[in-house]
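First the structure, in the form of structure tokens, and then the observations on it.
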Amino acid sequence: METRLLYGQPVAQELKNKISTDIHSLKKVGSIPKLVVIIIGEDQASLTYVSMKKKAADKLGMSSEILRFPPSITEQQLKDEISKLNKDMNVHGILLQLPIPNHINEKNVLEWIDPRKDVDGFHPTNVGRLTVGQPGFYPCTPLGIMRILTFYEIPIKGKHVVIVGRSNIVGKPVGQLLLNKDATVTFCHSKTEDLQELTSRADILIIAIGKAHFIKRNAVKKGATVIDIGNTFNEQKQVFGDADMNDLKGHVANITPVPKGVGPMTITMLLYNTVQAAKELNKGE
Ligand code: NAP
């Protein structure tokens with residue numbers, strides 16, 4: 001069987017063209033979409049992700065700002081900073097780069113961000129909207145996966161989707177998005193019994209666990225679609241997916257490669273959400 005590689009770049013490019021058009025229209029009415037990314041501490045990987053987000057926003061002609069705070073910042077100080085951003089009419093998207101230091105309660109902080117500016121889609125209001133199928137901000141990686149499936153015309157309705165990984169960032173929201181599109185969804189996690197029996201029944205297998213090359217041919221149905229979210233780095237900074245793509249080639253119909261599969265979609269969806277936030281907030285002014 002010929003295996004098609006589902007690259008993210010053409011999907012991201014198509015969306016970037018739309019985002020550029022929207023930014024152009026917003027600028028005509030005097031509004032420049034602005035994203036503010038909050039980062040606490042000196043975690044190198046987080047600093048890299050944050051600067052990638054800023055570069056991508058700047059490249060599309062959006063405004064962006066990185067707010068850096070020392071690990072010693074208190075919850076109250078952070079709450080005050082977020083409150084200022086919530087009130088700032090020129091700020092449309094607010095993102096807290098995770099992880100944050102242990103002395104700050106992540107759940108509290110995510111609730112302080114105005115849901116209308118919550119472009120990561122982690123506020124409980126937006127999580128609830130996703131669950132009941134109402135418009136809101138949904139997490140970026142799951143949205144990117146949906147765009148890839150649509151772009152490559154992979155049927156969803158009535159299909160059995162098996163998701164390995166149940167994080168709030170990837171596993172749960174992508175499952176909910178697919179359920180909302182009439183897929184039959186099975187969630188798996190580290191306590192799942194007989195994982196392979198379940199994964200090998202999937203029409204679409206989504207893996208988000210962070211274990212390099214965990215999924216091999218014997219765990220996947222012939223002709224399935226595999227969406228690989230995993231990003232595991234070795235000491236040489238090479239990145240590996242959760243699926244063993246070389247082993248799966250010739251066995252599955254479609255697979256997202258790592259790198260260059262889902263990765264390019266996440267930041268693009270963040271910019272998309274920020275522009276949507278700017279459009280909605282402008283309507284309300
Ligand atoms: P996470 O919060 O660590 O969650 C991992 C999930 O995998 C948990 O639900 C865990 O189960 C499950 N799991 C771990 N080992 C397992 C096993 N042996 N069998 C079955 N389930 C297992 O991770 P995450 O934030 O969702 O990220 C997952 C991966 O995706 C990471 O490699 C991350 O770097 C990558 N990622 C990529 C992007 C992108 O843009 N490409 C975005 C986000 C994340 P329990 O719940 O039972 O512990």
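One-based numbering along the sequence shown. All values below come from the heavy atoms of this structure, side chains included, with hydrogens, waters and symmetry mates left out. Whatever order the structure lists ligands and atoms in, that order sets their numbers, starting from 1.
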- prompt: Under a 4.0 Å N-O cut-off, is there an ion pair linking Lys54 with Asp58?
  reply: yes

statement: Rounding to 0.5 Å, atoms CG (Leu15) and OG1 (Thr268) come to a distance of 6.5 Å

query: When you measure from atom 9 (O) of ligand 1 to every protein heavy atom, which one gives the shortest distance, and what is it?
result: Arg166 N, 2.8 Å

message: Please state which option from Asn231, Val174, Val170, Leu195 has its nearest heavy atom closest to atom 32 (O) of ligand 1.
response: Asn231

task: Check each atom of ligand 1 against the heavy atoms of Ile229 and keep those under 4.0 Å away; list them by number with element.
output: 30 (O), 35 (C), 36 (N), 37 (C), 38 (C), 41 (N)

message: Using a 4.0 Å cutoff against the non-hydrogen atoms of Val164, which atoms of ligand 1 qualify?
response: 20 (C), 21 (N)

query: With respect to atom 24 (P) of ligand 1, which of Gly210, Ser167, Cys188 exhibits the smallest heavy-atom separation?
result: Ser167

message: Could you measure the distance from the OG1 atom of Thr192 to the CZ atom of Phe187? Nearest 0.5 Å is fine.
response: 11.0 Å

Any Thr192 heavy atom less than 4.0 Å from ligand 1: no

query: Among protein heavy atoms, which lies nearest atom 12 (C) of ligand 1, and at what distance?
result: Ile209 CG2, 3.8 Å

Proximal ligand 1 atoms for Gly230, defined as those under 4.0 Å from one of its heavy atoms: 30 (O), 32 (O)

statement: Ranked by distance from atom 14 (C) of ligand 1, the top protein heavy atom is Lys211 NZ, 3.6 Å

SB check Arg68 Glu42 (cutoff 4.0 Å): yes

message: Can you check which of Ala208, Pro264, Ser190 brings a heavy atom nearest to atom 48 (O) of ligand 1?
response: Ser190

